[in-house]
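Letters go in sequence order (proteins before strands), and every chain restarts at 1. Atoms considered below: every heavy atom in the structure, side chains included; atoms not considered: hydrogens, waters and symmetry mates.
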Amino acid sequence: MQKKYILEMFPYPSGNIHMGHVRNYVIGDICARYHKLKGDEVIHPMGWDAFGLPAENAAIQFNTHPQDWTLLNIENMKSQLKKLDLDLDWEKELATCKEDYYQYQQELFIDLYEAGLAYKKDALVNWDPEDQTVLANEQVIDGKGWRTGATVEQKVLSQWFFKITKYAEELLNDLDGLELWPEKVKTMQRNWIGKSIGAEIRFKISGEDDQLNIFTTRPDTIYGATFIALSVNHRLVSKFLTKEKINEIKKLFAEIDNEKEKKGYLMDIKCKHPLLDKEIPVYIANFVLDNYGEGAIFGCPAHDERDYDFAIKYKIPIIKVIECEDKDLPFTQNGRVINSPLLNGLEKSEAIKKIINYFEEKEIGNKSINYKLRDWGVSRQRYWGCPIPVIYYEDGTFRVLDKTELPILLPYDVNLNGKGNALLNHDSWRKIVCPKTNKIAYRETDTFDTFVDSSWYYIRFLNNKLDKPFDIKQVNDYLPVDKYIGGIEHAILHLLYSRFFMKALRDIYNLKVNEPFKQLFTQGMITHKTYRTQKDEWIMPREVYLNEGSLFREKTNEIVIEGPTEKMSKSKKNVIEPDEILENYGIDATRFFMISDSPPDRELEWTDEGIQGSKNLVRRIERYFKENRTDMKHDTDKMIEKFVFNIEKNILSFSLNKCVADIYTLFNYLEKEKIYLHNSDISKKILVCLYPIVPNMVLNLYKQLFDSKNIGNWPKINKELLIERSINLPIQIQGKLITTINTKKGYKENEILKSIYKLDKIKNKIQDRKVTKVINVQDKIINIIFD
RNA sequence: GCGCCAGUGGCGGAAUGGUAGACGCGCUGGUCUUAGGAACCAGUGGGCAACCGUGGGGGUUCGAGUCCCUCCUGGCGCACCA
């Protein structure tokens with residue numbers, strides 16, 4: 001028996017499931033049911049990503065408690081999921097907000113800490129003023145919080161970090177081995193990790209016992225360096241300038257007209273050029289990133305666009321060191337090095353190699369690799385999350401707790417007023433006497449980023465009742481997840497964090513698993529037309545009715561304007577409620593429609609015609625089997641065999657839309673040929689194949705036809721029957737199709753040519769020209785060539 | 001700007017280098033009726049035809065929607081990453 005771990009991304013219990021969930025889970029369910037019929041040992045669990053800020057907001061808004069709100073939502077959504085006929089193993093259910101989950105996460109944190117993979121440091125962090133919490137770099141999109149959209153501020157706080165950067169190289173390299181992941185996701189992760197190979201060069205500061213370490217990918221342009229630029233947050237800036245001055249500069253930098261505008265501030269210090277006997281000026285510049293490298297660059301204006309713009313603005317010399325026309329400046333392509341005593345005449349790669357060797361020899365620099373990836377900041381200043389098992393003493397030191405001191409449970413009695421962290425204000429929970437030292441201590445009041453929760457839930461599913469995080473043998477036996485299905489929006493955050501966790505745990509526990517998800521399938525979004533009134537008020541599709549070619553709103557009879565088709569969203573109100581659809585069309589039509597109109601990895605447009613078409617298909621199949629007689633034709637067996645083969649192939653390749661086409665093709669054939677199967681064995685075969693897609697309908701039909709609900713296993717395919725004995729052979733002349741002839745497979749070329757040449761269509765084409773070549777692709781095509 | 005993906009009928013979409021448009025929706029004409037959110041039959045890329053047709057232009061090949069080059073358009077991601 002083969003194990004198949006099939007997993008769909010678990011939902012946040014927001015209150016109700018939406019169509020996106022339905023599509024996601026139906027796709028996964030079809031896979032899981034298919035594999036069960038094949039006799040595989042299928043693991044198909046479901047759980048809840050249950051910590052997170054919305055619960056706190058809801059608690060304030062509705063005067064309830066985050067826990068009560070969350071658990072109620074879970075119950076509600078669970079009953080909704082059950083209506084979808086999902087073959088889930090609810091015994092394995094877990095919720096990350098429950099202590100039987102998060103206490104083991106606290107254990108894992110202790111493991112990570114002891115392995116040197118969790119650490120605390122003062123850091124300039126992204127502060128979301130609306131959520132009043134820190135965000136990871138990955139959670140800041142265009143300078144705004146990923147959830148709130150509020151402009152993120154920079155703040156210095158003492159924070160816990162996970163050392164994901166230790167795995168940067170492995171996380172990057174192992175992407176190559178993930179053959180069953182979408183290329184797109186791998187590309188996004190590669191870009192995020194952002195590996196650059198170059199050099200780190202030391203620049204001495206004139207008259208000071210201090211130096212700068214500058215990373216560059218273009219050490220071949222070092223002779224063209226005419227200035228240094230620092231980020232305003234660079235160490236040396238606060239060393240040489242007052243706080244007031246720095247704030248002044250920050251204000252200056254904030255006043256720019258467009259994002260690319262360069263601004264600088266000339267400092268009083270100068271740097272020595274590492275190779276030339278000259279000094280170059282040091283600026284603070286707005287375009288230098290402080291979280292990349294050391295936050296310092298050398299400017300080579302002749303061969304870098306940004307440096308060029310800056311040099312023009314501040315009248316800094318521009319020295320060409322790569323051969324090019326003046327009009328082409330800044331010249332950033334490859335070329336021969338000039339004006340560089342040690343490198344003249346060399347091509348880029350040779351020059352880079354040579355200069356790095358020289359730097360290393362003279363100890364003024366070395367080869368260096370840089371990553372964009374930063375360590376993962378996991379502290380969140382929120383109540384509704386997993387507590388970090390750490391205590392602080394009054395002298396400022398801290399202690400990570402022992403596993404025997406766990407669990408650290410969240411207190412239920414908190415005052416949620418929306419201002420700051422409720423744990424910080426909960427004195428009786430926070431203040432304790434340390435059992436080891438008998439000293440007064442205070443608990444860590446930050447909780448984990450909820451992405452920590454989802455980084456290992458697929459491991460916990462293997463045994464959600466174990467009194468330790470997981471069982472090593474079980475992990476080795478059942479991971480990786482064979483098919484992981486979810487939205488593309490998690491391409492970086494969740495999937496990268498999970499990969500990191502798997503590798504970190506592998507090293508700590510000596511596991512044999514390198515990657516958590518063998519195959520990743522990203523399903524497309526569901527879209528729908530948008531509708532609004534003339535007052536620009538979005539309205540729901542169900543409020544719209546059609547009258548004499550125009551759209552109107554029910555009740556008010558306002559004129560309705562049809563907008564573009566967009567992703568279903570609450571704000572645009574173009575949503576369809578799963579409960580209503582199930583009520584009106586039933587589960588079978590709903591499941592059919594989720595896979596009918598587009599391939600699962602593409603957008604699915606919700607249309608009334610689409611769901612109605614699925615409903616009609618359900619009715620048609622049910623009606624077909626009501627016909628109480630069996631009449632077969634000689635090729636019926638073959639047709640059915642082909643059907644089984646195609647359905648299987650298309651389920652395995654996630655081409656579920658083609659499964660629907662296969663079903664139509666089969667019933668078109670059966671009805672057109674007036675073939676009725678009723679309660680024959682062939683009906684059993686057909687129904688088994690339909691079962692993964694529409695289990696409800698199949699079980700009902702099976703009961704009616706065979707007085708049983710035991711549908712058995714996936715049919716074994718008789719390959720003999722798949723072989724076509726006669727074919728329609730296309731005949732081409734000069735590569736163009738002229739006609740087709742029906743013939744037996746395995747025909748003899750010279751024999752069939754004789755009959756081909758007798759055909760009028762062929763004779764007319766060839767006339768008396770001389771045939772120079774005949775290409776016979778046996779049983780596929782014949783192509784006749786003449787001069 | 002860089003990277004990735006994609007461009008096929010009125011629409012969604014099928015096509016291991018070998019009959020382009022499977023299957024569905026929509027539409028047209030017809031049938032039936034318990035008048036339905038039904039069902040059935042016929043048709044549906046363009047053109048009267050020869051023929052022409054997979055974003056444009058080249059190429060490889062006996063043969064290209066498919067492979068190569070180039071350009072255009074759209075989507076997504078990243079984006080002052082030194």
Side-chain angles (χ1 to χ4, degrees), chain A residues 141-142 182-196 198-199 214-219 221 225 229 231 259-262 285-300 303-307 309-310 332 370-373 488-489 491-492 525 584-585 589 592-593 596-599 601-605 607-617 619-620 623 646 650 655 657-668 671-672 727-741 772-777 779-786:
Chain A
I141 296 148
D142 291 334
E183 209 47 53
K184 183 183 169 133
V185 174
K186 289 191 278 187
T187 305
M188 284 165 74
Q189 292 211 354
R190 282 189 193 104
N191 289 342
W192 187 264
I193 295 166
K195 181 181 182 178
S196 307
I214 291 180
F215 177 76
T216 177
T217 53
R218 293 297 305 275
T221 64
S231 146
E259 275 183 30
K260 294 264 157 107
E261 187 182 332
K262 305 284 182 285
N286 66 339
F287 66 95
V288 180
L289 301 171
D290 56 47
N291 55 5
Y292 189 74
E294 205 193 50
I297 61 152
F298 75 75
C300 175
H303 307 292
D304 182 284
E305 283 176 30
R306 299 151 299 183
D307 300 347
D309 293 347
F310 193 77
T332 56
N370 215 328
Y371 300 91
K372 273 159 69 178
L373 184 70
I488 186 89
E489 65 272 22
I492 297 174
M525 295 181 302
N584 292 334
Y585 295 93
F592 261 139
F593 183 56
S596 285
D597 278 13
S598 29
D601 56 348
R602 280 199 227 166
E603 278 181 1
L604 172 69
E605 186 183 354
T607 59
D608 289 345
E609 292 84 358
I611 182 71
Q612 186 56 44
S614 294
K615 178 76 191 170
N616 293 345
L617 177 60
R619 268 207 289 249
R620 182 176 167 190
R623 198 168 46 231
N646 285 335
N650 289 328
S655 308
N657 55 322
K658 285 193 254 170
C659 287
V660 179
D662 294 334
I663 293 167
Y664 276 108
T665 306
L666 177 72
F667 283 93
N668 287 348
E671 289 177 347
K672 185 162 184 123
I727 43 164
N728 277 325
L729 187 70
I731 311 299
Q732 295 182 335
I733 287 182
Q734 310 289 65
K736 284 191 178 177
L737 180 77
I738 304 303
T739 187
T740 64
I741 56 170
T772 54
K773 201 174 179 184
V774 173
I775 292 162
N776 172 39
V777 183
D779 299 336
K780 274 276 170 64
I781 200 161
I782 288 182
N783 190 6
I784 299 165
I785 311 297
F786 53 70

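Contact annotation for A:R623: backbone-only contact, meaning every heavy-atom pair under 4.0 Å involves sugar-phosphate atoms and none involves a base. When heavy atoms are screened at a 4.0 angstrom cut-off, A:D304 is found touching no nucleic acid atom at all. Across all strands, A:V288 comes closer than 4.0 Å to base atoms (heavy-atom distances).
Partners of A:Y664 under the ring pair (Phe, Tyr, Trp, His ring centres under 6.0 Å) rule, at least two apart in sequence or in another chain, do not exist in this structure. Not counting sequence neighbours, A:Y585 has no partner by the ring pair (Phe, Tyr, Trp, His ring centres under 6.0 Å) test. Every residue two or more places apart in sequence or in another chain was checked for a ring pair (Phe, Tyr, Trp, His ring centres under 6.0 Å) with A:F215, and none qualifies.
With distances taken from any side-chain atom of A:R619 to the nucleotides B:rC62, B:rA38, B:rA82, the minimum falls on B:rA38. In the set B:rG18, B:rA79, B:rC52, B:rA79 carries the atom at the smallest distance from any side-chain atom of A:K260. The side chain of A:K262 approaches B:rC80 more closely than any other nucleotide in the set B:rC80, B:rA82, B:rC4. Among B:rA82, B:rG37, B:rC62, the nucleotide with an atom closest to any side-chain atom of A:Y292 is B:rA82. The side chain of A:P599 sits closest to B:rA14 out of B:rA82, B:rA14, B:rC4. You'll find that the side chain of A:I775 is closest to B:rC62, out of B:rC62, B:rC80, B:rC40. Closest contact between the side chain of A:F215 and the listed nucleotides B:rC80, B:rC76, B:rA82 involves B:rA82. Of the candidates B:rG13, B:rC80, B:rG37, B:rC80 carries the atom nearest the A:L289 side chain, counting heavy atoms from C-beta on.
Between A:R602 and B:rA14, a side-chain N or O to OP1/OP2 separation shorter than 4.0 Å is present. Contact annotation: A:K615 does not reach the phosphate of B:rA38 (side-chain N/O to OP1 or OP2, under 4.0 Å).
Residues A:Q732 and A:I784 have side chains not in contact (no heavy-atom distance under 4.5 Å, counting atoms from C-beta outward). Side-chain contact between A:K658 and A:T665 is absent, with no heavy-atom pair separated by less than 4.5 Å. Between A:I297 and A:D307, some side-chain heavy-atom pair lies under the 4.5 Å cut-off. A:F786 places a side-chain heavy atom less than 4.5 Å from the side chain of A:I733. Contact annotation: the side chain of A:Q612 approaches that of A:N616 to within less than 4.5 Å [non-hydrogen atoms, C-beta and beyond].
For the C1' atoms, the distance from B:rG9 to B:rG55 is 15 Å, rounded to whole Å. On the C1' atoms, B:rG53 is 10 Å away from B:rA20, given to the nearest whole Å. Atom C1' of B:rU44 sits at a distance of 15 Å from the matching atom of B:rC23, rounded to the whole Å. Taking the C1' atoms as reference points, B:rU54 lies 9 Å from B:rG7, given to the whole Å. Between B:rU8 and B:rG57, the distance separating the two P atoms is 16 Å to the nearest Å.
What separates NZ of A:K372 from C1' of B:rC2 is a distance of 10 Å, to the nearest Å. If you measure from atom CG of A:N286 to atom P of B:rA82, you get 18 Å, rounded to the nearest angstrom. One atom, CD of A:E489, and another, P of B:rC78, lie 13 Å apart when rounded to the nearest Å.
Taking for each of A:E603 and A:Q734 the nucleotide of RNA chain B with the nearest heavy atom, the 5'-most of the two is the partner of A:E603.
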Quiz item: Along nucleotides 19-34 of chain B, 5' to 3', which nucleotides get a B, which get an S, and which get a -, given that the test is a protein heavy-atom distance under 4.0 Å?
Solution: B--BSSSS--------
Each nucleotide N or O in nucleotides 41-48 of chain B that has a protein N or O under 3.5 Å away: list the pair and distance.
none

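A:N783 pairs in a side chain to side chain contact (heavy atoms under 4.5 Å, CB included) with only one of the listed residues (A:V777, A:I738, A:I775, A:N776), which is A:I775.
No donor-acceptor contact under 3.5 Å links the side chain of A:N191 to the base of B:rC78.
With A:F287 as the aromatic partner, A:K262 meets the cation-pi criteria of under 6.0 angstrom to the ring centre and within 45 degrees of the ring axis.
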Self-check item: Dot-bracket pairing map - RNA chain B, Watson-Crick plus G-U, both contacts under 3.5 Å, | cross-strand
Solution: (((((((..(((.....[....)))((((((.......))))))((....))..(((((..]....))))))))))))....
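Here the closest non-hydrogen pair linking A:I214 and A:A296 is CG2-O, 3.7 Å.
Listed for the A:S598 side chain is a donor-acceptor partner under 3.5 Å among the backbone atoms of A:E603.
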